[in-house]
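Take a look at the structure below.
For ligands, and for the atoms within them, numbers begin at 1 and follow the listed sequence. This is a predicted model, so every value here is computed, not measured. All residue numbers in this chain count up from 1 along the given sequence. Side chains are part of it too, since the values below use all heavy atoms of this structure and drop only hydrogens, waters and symmetry mates.
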Amino acid sequence: AAKAAGKNRFLRFHPDMMTALVQRTHMEAGLQLAVARGEISVDFQPIVSHRMGQVVTFEALARWDRDGGRVPPSVFIPLAERTGLINEIGTEVMALGMVQLAPWLSEDPSRSLAVNVSGVQLQDPLFAQTVLRLAEASGVAAYQLVLEVTESVFFDADCSLIKQLSSLREEGARVALDDFGTGYSSLGRLQDLPVDTVKIDRTFVSMVRTGNERLPILSSMINMAHSLGLTVTAEGVETAAQADYLAALDCDSLQGYLFSLPQPGRRLENALQQAEEALTVLKDR
Ligand code: C2E
Ligand code: MG
Ligand code: MG
Ligand code: MG
């Protein structure tokens, strides 16, 4: 009987595992094909300065449309990191972002393009060189680039990673710490990292509901970053109450659906207009 039960358990378990494996392999093959066929695209989401009343940055976000549906980056980016495809995807996102944004960037040197960079990409000793080459080829100045990395890339930070980021910073590019507050690095560690900006994760922003609450975590994050000479961007700003609250805390830049969803490059004008309208509404409140 025990043997039968064991056998049954094996039979129930085995097909599921196979299915998961087959699905993953299938998706991996699909992603590889998509990359080869140039089917990875980018959307752009504006980041605004409420002080200046304008869009200062666009963040490029990778997109994979597959069989009419969209695979979210939270699914295909980790897959790409496991398989090494992230190197190609990262380069593609950067190239597409630069080419599509070059005209907008060239109008004003204070504008910038932000791209997400995986820790895997930073292990490539030629990473910085590749970024600078792409920038030059598309006519984008290095100082108009922002590289967004998450805290986790610094966990086992080897010197080659620091070297890549540092040499890009020497050329004027900036580094932003993405999803700040979700990792384990303490605020105190911030001063040792080669970063210029922190992007406060949207879980903290979503704590602002009415705008009348006291949220010492938010204010200390912003104050601490400022005292270290860093600028602060808040991500996931969805309501006017959140934008007002963050502006009152002197948060430098804001990003979120309140201003615009991520949009394809051909709708850049649209995204700009929407974001600037939202800023005007905030000012008039
Ligand atoms: P992230 O870099 O923190 O990007 C912000 C994510 O939040 C984006 O999701 C964006 O669409 C979403 N978002 C923006 N505003 C709001 C808002 O007001 N409310 C809510 N609920 N969400 C908002 P997305 O595009 O799905 O990307 C998810 C993550 O995937 C990114 O988080 C980033 O970590 C990663 N990712 C995307 N593109 C790339 C890429 O080219 N390379 C790498 N390495 N990672 C990427
Ligand atoms: Mg980001
Ligand atoms: Mg982020
Ligand atoms: Mg995030």
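- Note on ligand 1: Glu59 sits in its first shell, one or more heavy atoms being nearer than 4.0 Å.
- Applying the 4.0 Å criterion to heavy atoms of Pro73 picks out, from ligand 1, the atoms 24 (P), 25 (O), 26 (O), 27 (O), 30 (O), 37 (C).
- Atom CG of Leu261 has more than 12 neighbouring heavy atoms from other residues, nucleotides or ligands inside a 6.0 Å radius.
- Evaluated by nearest non-hydrogen atom to atom 16 (C) of ligand 1, the leading choice among Trp64, Phe76, Phe180, Tyr257 is Tyr257.
- Of all the heavy atoms of Asp179, the ones lying under 4.0 Å from any atom of ligand 1 belong exclusively to the side chain.
- Sorting the N, O or S atoms of Asp178 by how far they are from the Mg ion (ligand 2) puts OD2 first.
- With sequence neighbours left out, the salt bridge (Lys or Arg N to Asp or Glu O under 4.0 Å) criterion links Arg267 to no other residue.
- Glu148 contributes atom OE1 as its closest N/O/S atom to the Mg ion (ligand 2).
- When you scan the N, O or S atoms of Glu59 for the one nearest the Mg ion (ligand 2), you land on OE2.
- By the 3.5 Å distance cut-off applied to N or O atoms, Arg63 is counted among the residues near ligand 1.
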Verdict with supporting geometry, Glu213 and Arg209, salt bridge (Lys or Arg N to Asp or Glu O under 4.0 Å): CA-CA 8 Å; Glu213 52 270 83; Arg209 301 196 176 276; over 6 Å; no

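- In this view, Phe127 satisfies the ring-ring contact (aromatic ring centres under 6.0 Å, His included) rule with no residue, not counting sequence neighbours.
- Looking at Asn116, Val115, Val42, Val93 one by one, the single match for side chain to side chain contact (heavy atoms under 4.5 Å, CB included) with Leu61 turns out to be Asn116.
- Judged by the shortest distance from any of its heavy atoms, Pro262 lies inside the 4.0 Å radius around the atoms of ligand 1.
- The contact set between ligand 1 and Gln45, taken as ligand atoms under 4.0 Å from a residue heavy atom, comprises 14 (C), 15 (N).
- Every atom of ligand 1 is numbered from 1 in the order shown, and the set under 4.0 Å from a heavy atom of Val93 is 41 (O).
- A donor and an acceptor atom, one from each side chain of Asp124 and Gln164, are nowhere located under 3.5 Å apart.
- Taking a 6.0 Å sphere around CZ of Arg133, one finds it holds 12 or fewer heavy atoms contributed by other residues, nucleotides or ligands.
- Considering each of Asp178, Val237, Ile47, the one bringing a non-hydrogen atom nearest atom 2 (O) of ligand 1 is Asp178.
- Considering backbone and side-chain N/O atoms, Gly256 never comes within less than 3.5 Å of an N/O atom of ligand 1.
- Checked by distance only, ligand 1 and Glu81 stay at 3.5 Å or farther apart across all their nitrogen or oxygen atoms.
- Of all heavy-atom pairs between Asp252 and Val232, the closest is OD2-N, 2.8 Å.
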Glu235 and Glu148: CA distance, side-chain angles, deciding distance, side chain to side chain contact (heavy atoms under 4.5 Å, CB included) verdict: CA-CA 12 Å; Glu235 59 180 29; Glu148 298 194 359; 5.6 Å; no

Worked check of side chain to side chain contact (heavy atoms under 4.5 Å, CB included) between Arg169 and Ser166: CA-CA 5 Å; Arg169 287 177 87 218; Ser166 301; 5.6 Å; no

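- Between the choices Leu61, Asp43, Val205, the shortest heavy-atom distance to atom 8 (C) of ligand 1 belongs to Leu61.
- Within ligand 1, counting atoms from 1 as listed, the ones closer than 4.0 Å to a heavy atom of Ser118 are 44 (N).
- Here the closest heavy-atom approach between residue Ser253 and residue Ile47 is recorded as CB-CG2, 3.6 Å.
- Between Asn116 and ligand 1, a contact under 3.5 Å exists for at least one N or O pair.
- Look at Gly90 and you'll find every heavy atom at least 4.0 Å from all atoms of ligand 1.
- The line from CD1 of Ile222 to SG of Cys251 is 4.5 Å long, rounded to the nearest 0.5 Å.
- In this structure, a donor-acceptor pair under 3.5 Å is absent between the side chains of Glu28 and Thr83.
- Residue contact check for ligand 1: Arg202 places a non-hydrogen atom closer than 4.0 Å to it.
- Here Gln255 has no heavy atoms under 4.0 Å from ligand 1, in either its backbone or its side chain.
- Among Gln242, Met94, Glu238, the residue whose heavy atom lies nearest to atom 20 (C) of ligand 1 is Glu238.
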